[in-house]
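Reviewing the structure listed below.
Excluded from the calculations below are hydrogen atoms, water molecules and symmetry mates; all remaining heavy atoms, backbone and side chain alike, are included.
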Amino acid sequence: MKREILYKNFLDTLYERYPQRSQLASILTDMLCLEKEAVYRRLRKEVPFTFHEVAVISQQMKISMNNVISSSKEISMHMKFADFVSPTEVDILLFQKLIDIFKESVGKDYVEYGVATNILPHSIFFFLDGMTRYFIFKWKYQYCEGKAKKFSEIILSDEMEKIKEEYAECMTKMKRAFYIFDNNIFKFIIDDLKYFLSIKLITQNEVDELKRELHMLLDRMDDIAAKGYYRYPENKVFFYISQMNFNSSYTYLDSPLYQLSITQAFTMNGFASLDHDALAKHKSMIHSLRKSSVLISESGEWERVSFIEKQREIIDTV
């Protein structure tokens, strides 16, 4: 096996234990009695860890070198499956870990966030209480056993309220963000609302309130697209409307600290990875989708106005 692959596997194993680079660097600084900059050089692959250093790290972190050797082609993927209605302490820690990744990434000189989606991403609807409850309600209906809960029974805990607010705030601070939306993204929501209304899990008054929030969301998307940013002009936002439908939703975060990729599953959950190759594939795929998409941020004014008006008409059909 090539030395470069072994070294990459070793570093990937370290990042699996400590995804936060600053935390990993502090631990290794104390463990190896090195200057912090010397550790960072090793983590940046400018200087390799010595055989003795690898042995010390492996022993103290209880890392099996057999696993490092056998994982040459393995991509670390973790299923992020948590309970959004009654989150456990472990669920809250999982959410907070994701928030911390975003918090530590925003404000860096180079940060890029990309989404290609057939469902409204969390970063778009988390500022709306009703829509957040709606997507959790839909997730609960589709993937949880037992008697279906009505929309009125979905109440967010204080911890979840705080998490969604922190998440939504982080999204406004990304240096560069790409969103590619399936052109049926609002139609999918309205079709589902019609179904839930027909089986009496949601009332017409509740639907009317969700419609009001969806119109608010379109107002916000129109404003962001026209300006090309959320609140800070230096943080650019690019909205695209795809001419093709997606079979899933994909997200990546590329920053000096983290290389995160997520493939969404089960409405609110997803497969998350900190693998560099997985990030490269997500990023390449999302960027390639721009070829079949129309940019409506700071350009394509007719397309933007037309898209927004069409979505309003779709929303008002329920």
Salt bridge (charged side-chain N to carboxylate O under 4.0 Å, His left out) assessment of E153 paired with K150: CA-CA 5 Å; E153 298 178 275; K150 293 185 176 181; over 6 Å; no
Polar contact flag, side-chain donor to acceptor under 3.5 angstrom, H215-Q311: no
Atom CE of M285 with >12 non-hydrogen neighbours under 6.0 angstrom: yes
Verdict with reasoning, K103 to E169, per salt bridge (charged side-chain N to carboxylate O under 4.0 Å, His left out): CA-CA 9 Å; K103 276 185 173 180; E169 177 66 20; over 6 Å; no
OG1-CD1 distance between T50 and I57, expressed to the nearest 0.5 angstrom: 8.0 Å
Test item: D129 and E161 side chains (from C-beta on) under 4.5 Å apart, heavy atoms: yes
L193 side, atom CG; F151 side, atom CZ - distance, nearest 0.5 Å: 9.0 Å
Non-hydrogen side-chain atoms of K187 and I190 separated by less than 4.5 Å: no
Separation between CG of L274 and CG of L279, rounded to the nearest 0.5 Å: 9.5 Å
Taking every non-hydrogen atom, the tightest pair across E206 and S152: OE2-CB, 3.3 Å
More than 12 heavy atoms of other groups within 6.0 Å of K194 NZ: yes
Shared hydrophobic cluster for M174 and L260 (ILVMFWY, side-chain gaps under 4.5 Å): yes
Note: E112-K175 ion pair, threshold 4.0 Å (strictly below): no
Interatomic distance, D182 atom CG to S293 atom OG [nearest 0.5 angstrom]: 9.5 Å
From I262 atom CD1 to L253 atom CG, the distance as rounded to the nearest 0.5 Å: 8.5 Å
Side-chain donor-acceptor contact under 3.5 Å, S273 with H282: no
Pair F239-F181, ring-ring contact (aromatic ring centres under 6.0 Å, His included): steps then yes or no: CA-CA 8 Å; F239 283 168; F181 299 107; 5.5 Å; yes
F127 six-ring face occupied by R220 cation (under 6.0 Å, within 45°): yes
CD1-CE distance between I155 and M160, expressed to the nearest 0.5 angstrom: 14.0 Å
Any side-chain heavy-atom pair of L32 and V56 under 4.5 Å: yes
Aromatic ring proximity, centroids under 6.0 angstrom, Y252 and Y113: no
SB check R212 E209 (cutoff 4.0 Å): yes
Modelled atom types, side-chain donor and acceptor of Q204 and D208, under 3.5 Å: yes
L28/L34 under side chain to side chain contact (heavy atoms under 4.5 Å, CB included): CA gap, chis, key distance, verdict: CA-CA 8 Å; L28 293 177; L34 294 172; over 6 Å; no
Hydrophobic cluster membership, I185 vs I119, 4.5 Å side-chain cutoff: yes
Within-4.5 Å side-chain heavy-atom neighbours: Q243 and V294: yes
Side-chain touch F238/L295, heavy atoms, less than 4.5 angstrom: yes
R44/E37 salt bridge by N-O under 4.0 Å criterion: yes
Validation row, ring centre F125 to ring centre Y134 under 6.0 Å: no
Working for salt bridge (charged side-chain N to carboxylate O under 4.0 Å, His left out), residues K173 and E234: CA-CA 9 Å; K173 298 177 180 178; E234 64 273 18; over 6 Å; no
Worked verdict on I27 versus M61 for side chain to side chain contact (heavy atoms under 4.5 Å, CB included): CA-CA 10 Å; I27 290 171; M61 289 192 179; 4.0 Å; yes
Check: Y258 ring centre within less than 6.0 Å of Y15 ring centre: no
Parallel, tilted or perpendicular: ring planes of F49 versus F10, cut at 30 and 60 degrees: perpendicular
For the student: nearest non-hydrogen atoms of S248 and T263, plus distance: OG-CG2, 4.1 Å
Contact summary for N235 and T172, nearest pair of heavy atoms: ND2-O, 3.6 Å
Smallest separation among heavy atoms of A168 and F126, with atom names: CB-CB, 4.1 Å
Cluster overlap Y229 with V106, hydrophobic side-chain contacts below 4.5 Å: no
Test side chain to side chain contact (heavy atoms under 4.5 Å, CB included) applied to Q20 and E104, step by step: CA-CA 9 Å; Q20 184 179 335; E104 291 175 32; 3.0 Å; yes
Any R176 side-chain heavy atom under 4.5 Å of V111 side chain: no
Residue pair V237, F178: steps toward the side chain to side chain contact (heavy atoms under 4.5 Å, CB included) verdict: CA-CA 6 Å; V237 178; F178 292 90; over 6 Å; no
F135 ring center within less than 6.0 Å of H122 ring center: no
Pair F102-Y167, ring-ring contact (aromatic ring centres under 6.0 Å, His included): steps then yes or no: CA-CA 8 Å; F102 287 122; Y167 189 98; 5.3 Å; yes
More than 12 heavy atoms of other groups within 6.0 Å of K97 NZ: no
Side-chain donor-acceptor pair present, N118, S249, cut-off under 3.5 Å: yes
Close side-chain approach of I163 and I92, heavy atoms under 4.5 Å: yes
Test item: D275 and S261 side chains (from C-beta on) under 4.5 Å apart, heavy atoms: no
